[in-house]
Protein chains: 2
Amino acid sequence: MQNTTALEPKITSPDCDDCPIRHRAVCARCESDELSQLEGMKYYRSFEAGQTVIWSGDRMDFVASVVTGIATLTQTMEDGRRQIVGLLLPSDFVGRPGRETAAYDVTATTDLVMCCFRKKPFEAMMLATPHIGQRLLEMTLDELDAAREWMLLLGRKTAREKIASLIAIIARRHASLAMPRKGSAVEIELPLTREAMSEYLGLTLETVSRQISALKRDGVIEVQGKRRVTIPDFDRLLEESGDDSDGGFPV
Amino acid sequence: MQNTTALEPKITSPDCDDCPIRHRAVCARCESDELSQLEGMKYYRSFEAGQTVIWSGDRMDFVASVVTGIATLTQTMEDGRRQIVGLLLPSDFVGRPGRETAAYDVTATTDLVMCCFRKKPFEAMMLATPHIGQRLLEMTLDELDAAREWMLLLGRKTAREKIASLIAIIARRHASLAMPRKGSAVEIELPLTREAMSEYLGLTLETVSRQISALKRDGVIEVQGKRRVTIPDFDRLLEESGDDSDGGFPV
DNA sequence: GCATCGATTTGACTTGCGTCAATGTCCCCG
DNA sequence: CGGGGACATTGACGCAAGTCAAATCGATGC
């Protein structure tokens, strides 16, 4: 069932981990009264894994940021072919000021908590508070870079390289939490089903499965159960991904 | 030869067609003294078809917008595989405030004139003039939508659909200049070589050529010479593109 | 512990697009 | 007006990834 009731704000860190538009970064520059403006406007919604947050074309009168969990943005063709065009991780922003309807399906792939703002007051606040617009511009530019990196993957990489790239990106975003950079093994939990991976990578589910098996067979990764992956040598994985050594994503 | 000298600003329309960040749109909202601020800062550079404007990784101390002509943003893998990740048409903006180096190769595919601003003063002006940042945010969001549309194309469309989509998009952007919408034939000039098309669509040059021939054979398009294309029935082309009927791109 | 059901893996076969290699066409410039 | 060179088309063939189908795994409830 869809839970629209406001949750108790769970402040997990002293400086606003649960706030919109990567609030931690905004906070550093904001005046306190701007923050209190924010406080009055926000509300929380939570979703279970697999639930749809909003359908493409639906009226969308809020903007939001992910507090915990992972969501995807998906585009669908008339005949059902699907392509994931964005991953939303905690602190990522959804919604476009100045647009009435959602452009993509947004789906929770894990249990998900989002922090929402009604669009009208949010837009008003953007006008009143230049910092917020600037932060949003920075974030949008980062997303644009990520989308373009993904265009290279979709257009030019082999299935094996696509899988290696995806695992590397997930590992890197996990890792940024605190991880010895070079050499040591990395262990991650895949937040996506094989099907979701295939929709993100422009492959079929079977090809994803086969390539994961191949990487396992070749010792590039180890797999425990279905979702847990160990990367004994991260540089090896990067080589397999086809990116140049430091390769990759901002964020 | 690369021409770095400032050109005479060629004002082609009364309201600033040659100005940065879709200046026409900015103008409507700007105070005149903001405009005069802009006037002092800008300079022009022109390039011949095929010339590189800037290489990925190069220091980039300006931002710019396209005045006339077409340029591409390209990403390259170590082994030489290339993917075009953006098309720059007149009024499109290049460069990222707050970034030191170029993230992509920028190449002129036709003769090209760009209107440039040194980055530092431009950034200062953005702080002073919120409208500009807002406009830039809107434009970046449009580009992000376009990039995501392209991800669907790259990940899920067939070669034939890719070609049809590309022709439709070029036609639509040409057409927005003034064109009876429904039914009537549209005639366009392809601004890209077959190779550039292949790099944009994630195909090989041969496949591009074969699919153009197939669309010609099937009466979806007519081709005069190498570059001129007539579309007798635009709706037919849209069907072939795999997009839903109104399908498509903002901008 | 066992049945159940969705998620995943694996196998056999097909196919769309890539690769390699001629051949053809446009257009510029003398 | 007639080469020359870049750009484009066409053909033959191979392979990576898709399709269809059948096991197998793993969590969950009984």
Side-chain angles (χ1 to χ4, degrees), chain A residues 48-51 77 79-83 107 109-111 153-167 189-218 221-229 240 242, chain B residues 48-51 77 79-83 107 109-111 153-167 189-218 221-229 240 242:
Chain A
E48 294 171 14
Q51 264 192 305
M77 293 172 66
D79 62 7
R81 280 175 281 175
R82 292 163 63 82
Q83 177 67 48
T107 312
T109 63
T110 64
D111 289 345
L153 176 145
L154 291 170
R156 292 302 178 196
K157 289 189 180 177
T158 64
R160 167 183 270 246
E161 289 169 338
K162 287 178 176 181
I163 297 288
S165 300
L166 178 61
I167 294 175
E189 186 87 17
L190 295 177
L192 302 172
T193 64
R194 299 290 185 266
E195 182 172 40
M197 290 188 217
S198 75
E199 288 177 0
Y200 201 16
L201 298 172
L203 298 171
T204 59
L205 162 171
E206 294 94 327
T207 299
V208 169
S209 184
R210 270 188 262 270
Q211 295 301 331
I212 288 178
S213 299
L215 289 174
K216 188 166 49 173
R217 183 166 55 251
D218 298 343
I221 58 174
E222 289 151 24
V223 182
Q224 294 86 41
K226 290 175 175 178
R227 296 295 191 85
R228 184 144 282 282
V229 173
E240 295 286 355
Chain B
E48 294 172 12
Q51 262 192 305
M77 293 173 65
D79 62 5
R81 281 175 282 176
R82 291 163 64 81
Q83 176 67 47
T107 312
T109 63
T110 66
D111 290 345
L153 177 145
L154 291 170
R156 292 302 179 196
K157 289 188 179 179
T158 64
R160 167 183 269 242
E161 288 169 339
K162 286 178 176 180
I163 297 288
S165 300
L166 179 61
I167 295 175
E189 186 87 17
L190 295 177
L192 302 172
T193 64
R194 299 289 184 268
E195 182 172 39
M197 289 190 217
S198 75
E199 288 177 0
Y200 201 16
L201 297 172
L203 298 170
T204 59
L205 162 173
E206 294 94 327
T207 298
V208 169
S209 185
R210 269 188 262 270
Q211 295 301 331
I212 288 178
S213 300
L215 290 173
K216 188 166 49 174
R217 186 167 52 250
D218 299 344
I221 59 175
E222 289 151 25
V223 182
Q224 294 87 42
K226 290 176 174 174
R227 296 297 191 85
R228 184 145 282 283
V229 173
E240 295 286 354

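Letters go in sequence order (proteins before strands), and every chain restarts at 1. None of these values were measured; they are calculated from a predicted model.
One atom, CD of A/E195, and another, C1' of D/dT19, lie 15 Å apart when rounded to the nearest Å. B/R217 has its CZ atom 8 Å from the P atom of D/dT10, to the nearest Å. If you measure from atom CG of A/L203 to atom P of C/dT8, you get 15 Å, rounded to the nearest angstrom. In this structure, B/L192 atom CG and D/dA8 atom C1' are separated by 15 Å, rounded to whole Å. The NZ atom of B/K216 sits 12 Å away from the P atom of D/dA8 (whole-angstrom rounding). If you measure from atom NZ of A/K162 to atom P of D/dA16, you get 14 Å, rounded to the nearest angstrom. Computed from coordinates, the A/M197 CE to C/dA7 P distance equals 13 Å when rounded to whole Å. Nucleotide C/dA7 holds its P atom 16 Å from the CG atom of A/L190, rounded to whole Å.
Of the candidates D/dA17, C/dT9, C/dT19, the closest approach to any side-chain atom of A/L205 belongs to C/dT9. Distances from the side chain of A/S209 to the nucleotides C/dT10, D/dG18, C/dC17 place C/dT10 closest. Proximity note for B/S213 (side chain, C-beta onward) versus D/dT9, D/dG18, C/dG6: the nearest is D/dT9. Listed nucleotides: D/dA17, D/dT9, C/dC17. Nearest to the side chain of B/R194: D/dT9. Nearest nucleotide to the side chain of B/K226, out of D/dA17, C/dT25, D/dG26: C/dT25. Among the nucleotides D/dG11, C/dA12, D/dA17, the one closest to any side-chain atom of A/R210 is C/dA12.
Between the side chain of A/R156 and the backbone N or O of B/Q83 there is no donor-acceptor pair closer than 3.5 Å. Looking at A/Q51, its side chain never comes within 3.5 Å of a backbone N or O of A/T107 through a donor-acceptor pair.
For C/dC17, the base has no donor-acceptor partner in the side chain of B/E206 [N/O atoms by modelled type, under 3.5 angstrom].
Each salt bridge (charged side-chain N to carboxylate O under 4.0 Å, His left out) pair with one or both residues in residues 202-217 of chain B, not counting sequence neighbours, would appear here, but there are none.
Atom CE of residue B/M77 and atom CD of residue A/E161 lie 4.5 Å apart, to the nearest 0.5 angstrom. Rounded to the nearest 0.5 Å, atoms OG1 (B/T193) and CD (B/E199) are 7.5 Å apart.
A/G50 comes within 4.0 angstrom of nothing in the nucleic acid, heavy atoms only. Using a 4.0 Å heavy-atom criterion, one finds that B/R227 contacts the sugar-phosphate atoms exclusively.
Summary of the strand contacts: A/T207 and A/G225 both lie near DNA chain D, and taking for each the nucleotide with the nearest heavy atom, the more 5' one is attributed to A/T207. The nearest heavy atom of DNA chain C to A/R156 and to A/T193 marks one nucleotide each, and the one closer to the 5' end goes with A/T193.
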